[in-house]
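Here is the structure we will look at, set down as structure tokens.
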Amino acid sequence: MALFPQGVTHIDQRCANAGERAVLRQLRRCLEDDYIVWHDVPIGPRARQPDFVILSPRWGVLLLEVKHWKRSTIAGANRDSVTLVTERGTVTEASPLRQARDYAMELVDLMARDDSLVHHDGPFRGKLLFPYGWGVVLSNLRAAEVQGTDFAEVFPPHRALLRDDLAEDMPADAFQQRLWGMFTVHYPHTLSLPQRDRIRWHLFPEVRVSTQQTLDLDATDAARASASALPDLLQVMDLQQEQIARTLGEGHRVIHGAAGSGKTMILIYRAEQLARAVRPDQPVLVLCFNRTLADRIAALLRGRGVDARVQVRTFHSWCQDMVRSYQLDVPAGLKGNAYFAALADVTSRAVDSGRVPAGQYSALLIDEAHDFEEAWLRMAARMVSPATHSLLVLYDDAQSIYQKQRRRFSFASVGIKAVGRTSVLRLNYRNTAEVLALAMHCADSLLRGDEERGEDEIQRVTPASAGRRGPLPVLMEARHEREEAGLVAERIAAALAAGRSPGDVAVLLRTKYLMKPIEAALAARGIPFQSMNTQAFKRFDWSVPSVKLLTMHSAKGLEFPLVAVAGLQALPMRDESVEDAVRLLYVAMTRSTRELLLSAHGGSPVVERVRESLAAVVSNFAAAEIRSP
């Protein structure tokens, strides 16, 4: 059976009429499992919405428009329009076949600009590698009803399916032949997986993975970049991620996902979809723990045109909103962690008493939920409207860096009822195989599951590599902090000289005081940067191309093509165990999408572990190269 990323049941519920349901049943019955079918989704930059989009690696792309007209309602038709007799009187509609053709040609023009999707020589030079087609399904008309008329002149037989073609006794191969007849040209070409995903990138802007480079451009520059030559790598959700994202309905949902598996991407997609129908008086709320991640998510959503109907807050800033809005009393004179603990406690008691009303949000989405206390999760679950119960929780126990002890609790115990609506994402797309191998080797003891856990419990997800290759990580050991800062700055300067944008680079450190020497080294080389250590720092301006200096904790949920994890000699700190430090290092290393630099100016148990792990990883990859033909 074909793959339906939206889910067959969901599509059946969304079908506008019996005709669309009949087409859905026939596609499900007759198409093989390498076909992918979408129903009524916006495609291309102008968000056109054909009724069905069919993608086959062997045949290409086909768009179908479905009309369930009766013969008696069709008063007249030509190639551009159809006149119908309805209860409202006589109306004229655009020809569905012309619509399908216009949608298809718009996409063809778009994809033909992609050098990876066209022939480079031969008779089809400059043409798409794969066939494409369009057609109309007139699901309530039989061939006998239009026989002897000029119907075929308006709806040519090779472009129109009739009710006869949707019969249950129609052989599957005969139905496929009818579909193939709708394609413009016929030549053998089987799409590779990267080519298939590039087509999906063009078809569905909403499943694209936003990159740092996109955020670093203003609107004019971004438009110019999209019209110019496309990069070699166009990142898009894989089909499992897309299927999860498109089938997220109402009710409580939990996604357990390894680092780099696309959890935040799914959250952003979900928030964008919810924003289209939400009322301003009952907005969507996105919660996370780190302010840097909250700012990043907000920037990505605003870049997609999502307005203030989706509110992005850290948990504690949301508590402050509640304190101000409902005049709650927080003990005076508290600072730091004591203040934040009191803030959460006061808000929690106000929710329990009803002073802060429950059900304020049409939907609530929690990123990095492993950073939340159980009481916070319980409070968040109560904030969702009982009319929707729309709660999405994203969790990865391996990245739980704020909990002093490993937790084991059921989601039901905190009011999250997601049994039967829990998904697990294991495939890591963010990191190259080399970066992930080092991170996993260092954190091996943290990723091993110790016992079987039920669906309603916290899952320990071991990431699996997507196989994307890149350079091996590098460990630089210096004699003192100025030398280390100089080595890091030199590597960054070389990357910028080779064409890397400053916004592609992040330097991660355990604490802010370690940033000062690196700030000086970057400044001496004229490299633009933003640092969390600067006196006036409030938040990063993601629109400014600059190297970001962050603490390892603040980097959670973020990603950059080039990551330098510096000051490893400071791990572990006095108040943490080696395992806690390694867990934090695992989070830091998995922020890199391509290049990973590590540096230290002294020894520590963590430096020793990185040194040993890197030697093992280098040896393993060298052995694999020798074994490969």
Side-chain angles (χ1 to χ4, degrees), residues 1-12 15 17-41 43 50-69 96-97 100-101 103-104 107-108 117 124 127-147 151-152 154-193 195-197 199-200 203 239 243:
M1 185 182 79
L3 174 65
F4 296 82
Q6 298 158 278
V8 174
T9 301
H10 181 63
I11 294 175
D12 186 75
C15 284
N17 53 54
E20 290 183 12
R21 291 190 181 88
V23 174
L24 173 64
R25 287 194 299 271
Q26 198 72 320
L27 294 174
R28 184 183 183 190
R29 185 178 72 86
C30 296
L31 297 189
E32 294 146 352
D33 57 9
D34 61 345
Y35 285 87
I36 310 172
V37 181
W38 295 268
H39 169 259
D40 193 31
V41 291
I43 61 172
D51 291 318
F52 287 94
V53 177
I54 302 170
L55 172 60
S56 163
R58 292 173 292 125
W59 290 98
V61 179
L62 177 66
L63 306 186
L64 294 178
E65 281 289 311
V66 181
K67 297 297 180 184
H68 201 54
W69 296 328
L97 187 57
R101 178 192 179 280
Y103 297 170
L107 286 173
V108 168
L117 296 179
F124 297 108
K127 303 294 184 182
L128 289 180
L129 285 170
F130 52 92
Y132 55 88
W134 63 88
V136 63
V137 183
L138 299 168
S139 53
N140 210 14
L141 290 181
R142 296 187 183 276
E145 294 180 85
V146 297
Q147 192 172 6
F151 178 85
V154 180
F155 299 105
H158 69 285
R159 294 282 185 202
L161 299 180
L162 302 179
R163 185 170 176 176
D164 312 66
D165 299 301
L166 305 179
E168 292 186 4
D169 59 355
M170 177 79 162
D173 58 347
F175 180 75
Q176 288 192 40
Q177 289 287 346
R178 292 284 287 126
L179 291 183
W180 298 340
M182 294 180 170
F183 285 90
T184 54
V185 291
H186 299 274
Y187 46 75
H189 181 82
T190 299
L191 293 166
S192 66
L193 287 179
Q195 289 171 338
R196 183 197 67 181
D197 285 342
I199 292 172
R200 290 173 55 235
L203 285 174
L239 287 171
Q243 190 163 23

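All values derive from a computational prediction rather than experimental measurement. Numbering starts at 1 and runs along the sequence shown.
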Point to revise | Listed partners of Trp69 passing ring pair (Phe, Tyr, Trp, His ring centres under 6.0 Å), at least two apart | key: none
Review point. If we only count heavy atoms from C-beta on, is the Met1 to Tyr35 side-chain gap below 4.5 Å?
Key: no
Practice item. State, to 0.1 Å, how close Ala100 and Gly135 come at their nearest heavy-atom pair, and which atoms those are. Key: CB-O, 3.8 Å
**Study point:** Within-4.5 Å side-chain heavy-atom neighbours: Ile199 and Leu191
**Key:** yes
Practice item. Name all residues meeting the ring pair (Phe, Tyr, Trp, His ring centres under 6.0 Å) criterion together with Phe4; count only those two or more places apart in sequence or in a different chain, and write none if there are none. Key: none
Exercise for review: Scan side-chain atoms only and decide if His39 and Gln6 contain a donor-acceptor pair under the 3.5 Å cut-off.
Suggested key: no
Exercise for review: State plainly whether the residues Arg58 and Glu32 are in salt-bridge range, i.e. N to O under 4.0 Å.
Suggested key: yes
Practice item. Measure the shortest side-chain to side-chain distance between Phe155 and Val136 over non-hydrogen atoms and say whether it is less than 4.5 angstrom. Key: yes
**Study point:** From Arg21 atom CZ to His68 atom NE2, the distance as rounded to the nearest 0.5 Å
**Key:** 10.0 Å
Point to revise | Sub-4.5 Å side-chain heavy-atom contact between Ile43 and Trp38 | key: no
Review point. Between CZ of Phe130 and CG of Leu117, what distance do you get to the nearest 0.5 Å?
Key: 5.5 Å
Review point. Can you tell if the side chain of Thr184 reaches within under 4.5 Å of the side chain of Tyr132, non-hydrogen atoms only?
Key: yes
**Study point:** For Ser139 against Gly19, the heavy-atom pair lying closest together
**Key:** OG-CA, 3.1 Å
Practice item. Measure the CG-CZ distance between Leu64 and Arg159 for me, rounded to the nearest 0.5 Å. Key: 11.0 Å
Study note, to complete from the structure: When rounded to the nearest 0.5 Å, the distance separating CG of Asp51 from CG of Asn17 is 8.0 Å
Practice item. Could you list the residues that satisfy side chain to side chain donor-acceptor pair (under 3.5 Å) with Asp40, not counting sequence neighbours? Key: Gln49
Check your understanding: What do you reckon, is CZ of Arg28 surrounded by more than 12 foreign heavy atoms closer than 6.0 Å?
Key -> no
Practice item. For Ala143, check side-chain contact (heavy atoms from CB on, under 4.5 Å) against everything at least two apart and list the hits. Key: Leu162, Asp164
Review point. What is the distance from atom CH2 of Trp134 to atom CZ of Arg101, rounded to the nearest 0.5 Å?
Key: 5.5 Å
Review point. So, the side chain of Arg178 versus the backbone of Ala160: is there a donor-acceptor pair under 3.5 Å, distance only?
Key: yes
**Study point:** Gln26 (side chain) donor-acceptor with Val23 (main chain) under 3.5 angstrom
**Key:** no
Review point. Are Ile54 and Leu63 close enough that some pair of their side-chain heavy atoms sits under 4.5 Å apart?
Key: no
Check your understanding: What's the spacing between Met182 CE and Leu97 CG if we round to 0.5 Å?
Key -> 8.5 Å
Point to revise | Heavy-atom side-chain contact between Met170 and Asp165 under 4.5 Å | key: yes
Check your understanding: Any side-chain heavy-atom pair from Leu27 and Leu179 closer than 4.5 angstrom?
Key -> yes
**Study point:** Phe52: which of Val37, Leu62, Val137 passes side chain to side chain contact (heavy atoms under 4.5 Å, CB included)
**Key:** Val37
Exercise for review: Write down the atom of Ala104, the atom of Gly133, and the distance for their closest heavy-atom approach.
Suggested key: CB-O, 4.3 Å
**Study point:** Selection residues 161-184 - residue pairs positive for ring-ring contact (aromatic ring centres under 6.0 Å, His included), sequence neighbours left out
**Key:** Trp59-Trp180
Exercise for review: Using salt bridge (Lys or Arg N to Asp or Glu O under 4.0 Å) as the criterion, list what pairs up with Arg163, not counting sequence neighbours.
Suggested key: none
